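Since the structure comes first, as structure tokens, the remarks are kept for the end.
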Amino acid sequence: HETLFGLRLRLPPPQKKSFASACPGRPAPLSIACSHKARLFTLSLSSGNSEAKKMTLSKDISAYGPVQRSRLDYKPPLPSVLQGPFKVVHGPPSTSAGNPDEIAKLFKSLYGQSSVQLASSAAPTLSSDQQLKIGVVLSGGQAPGGHNVIAGIFDYLQGHVKGSNLYGFKGGPAGIMKCKFVEITEEFLYPYRNQGGFDIICSGRDKIETPEQFKQAEDAVLKLNLDGLVIIGGDDSNTNACLLAEYFREKQIKTQVIGCPKTIDGDLKSKEVPTSFGFDTACKIYAEMIGNVMVDARSTGKYYHFVRLMGRAASHITLECALQTHPTIAIIGEEVALCKQTLKQVTDQITDVICKRADRGKNYGVILIPEGLIDFIPEVQQLIAELNEILAHDVVDEEGHWKKKLQLQSCSLFEFLPRNIQEQLLLERDPHGNVQVAKIETEKMLISMVESELLKRKKEGTYCGNFMGQSHFFGYEGRCGMPTNFDASYCYALGHAAGALLHAGETGLIASVVNLTAPAKDWRVGGTALTQLMDVERRKGKKQASDKEGHG
């Protein structure tokens, strides 16, 4: 992804909707004719004297910049096992990450099934005559590379099972329940290849969890006569994928379900799923923004920038960005939890550094904070757990009588927090029962608490500097960037893996591509049993199955 991060582009002079000079050295000039009334766009591809191939596109790509244009025809490398005939090798029976008895009760049909690996073979082992009908859905927040997962599924079907159909459910899981879909063709897919965003079919955070919703999903897959369904999402979405796979198998519905690991937070992670897609791109985008803020801090010499970064259940983004940028302080949530630090201790840690820098004449710096920080502080964890129980069963009254249900320590902590943080902790939970940490302005809370502590120390004569805090939240900016070469290739391989697993009749697995530090040709491809990655946790006052990779 060097053209986006690190090297300067020499832009060609403006052209009349022609790609001919936008990509020097490319053999295939491209031209576009568009009808704004019909919103249809015709793309002509020609190379040498060969006959031009025309496609009617559903998206206007005439406004694409040189990098976007050059990436449309970029073909990501594939692992060698996917470049020729392969066979599916099953491993030993699996168990779960925790609470095996409870997981076994929840997934009577799927529990214990083996994970699989793809291995090269001398001849094809799967039939190429069958015509498959596959559905795909994007679930949860956006992550760079999602379009390439869909492209990988499409290209696998076209290369191995010709005549197959791929349907995209629009707007996330709600699209499944409402049976809102679009057929994905080469013309439909082309403008999105190697591009950022989820706008090809859009995403959503709905969950399929009630009997009525499962019945709606059943009706949708039967209506389309689907052989398989790919759910691209994070830990909650892949838990939902496993529940759907279990439901379909119990109902003896032929639709197989495969998950794909997606989240920029990097918290869908285990030995079998070494990283989720989007993390690499997001960290590079955030690192560039943090670098800009660091230069600004050094240039003015008078601001402390408190930067909150994405990461609800893990501080992976904060740590990776710290390694790339070397800020003044990086608070790592897992370390806070390990050391059982209180909110006051975290505040004092930041304040101590600011005081030492002031002694050296430096009244500026950059402090990185994971958005889920308060969820890592043991005393705050306890407070949130008690609030979750209260919000799941009771109404929070304005008079504050509900506070009597809090333990004394939790009640004292709640009263200690700034009023705006109190209000944010009481916000409605997300569809998965989680505190909406993205709406809790932890960086502003820390600025306020550090400022109060510095005023106290200034009165005591132990601090003689000047403090001015600036708050930032880098979140949505990293979700839809142009995927790095790694994410583009990783996602393309994941899409092929999902297609291969469905072609082999597998269900209840998450597509797995490992050995990622090696060249792409040496990546290993397979599928991991979703139940193998599961544990039971308490949400909305109830026990629910959940993928636990983010905590391992």
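From a predicted model like this one, the values you see are computed outputs, not experimental measurements.
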For this session: Would you mind telling me which of T275, T484, N485 makes a side chain to side chain donor-acceptor pair (under 3.5 Å) with D280?
Result: T484
For this session: Taking atom NZ of K444 as the centre, report whether more than 12 heavy atoms of other residues, nucleotides or ligands fall under 6.0 Å from it.
Result: no
Exercise. Going by atom types only, do Q382 and Q409 share a side-chain donor-acceptor pair under 3.5 Å?
Worked result: no
Problem set entry | K356/D352 salt bridge by N-O under 4.0 Å criterion | no
Seminar exercise, completed: Heavy-atom nearest pair, L501 first then G526, reads CD1-O, 3.8 Å
Problem set entry | Short side-chain to backbone donor-acceptor contact, N238 and G233, under 3.5 Å | yes
Exercise. Under 30°, 30 to 60°, or over 60°: which ring-plane class applies to F198 and H147, parallel, tilted or perpendicular?
Worked result: tilted
Exercise. Does the side chain of E334 pick up a donor-acceptor pair with the side chain of S315 at under 3.5 Å?
Worked result: yes
Exercise. Do K340 and E379 sit within salt-bridge range, that is, some charged N less than 4.0 Å from a carboxylate O?
Worked result: no
For this session: Could you tell me how the ring of Y476 sits relative to the ring of F473: parallel (under 30°), tilted (30 to 60°) or perpendicular (over 60°)?
Result: perpendicular
Exercise. Between the side chains of S410 and E386, is a donor N or O closer than 3.5 angstrom to an acceptor N or O?
Worked result: yes
Exercise. Do the charged groups of D199 and K59 touch, with an N to O distance under 4.0 Å?
Worked result: yes
Exercise. Under the 3.5 angstrom rule, does the side chain of Q341 hit a backbone N or O of I377 as a donor-acceptor pair?
Worked result: no
For this session: Determine, for R419 against E423, whether the closest basic-nitrogen to carboxylate-oxygen distance falls under 4.0 angstrom.
Result: yes
Exercise. Within 45° of the axis and under 6.0 Å from the centre of the six-membered ring of Y74, does NZ or CZ of R193 qualify?
Worked result: no
Exercise. For Y304, which residues count as a ring-ring contact (aromatic ring centres under 6.0 Å, His included) partner, sequence neighbours excluded?
Worked result: F467
For this session: State which residues pass salt bridge (charged side-chain N to carboxylate O under 4.0 Å, His left out) with K405; sequence neighbours excluded, sorted by chain then number.
Result: D394
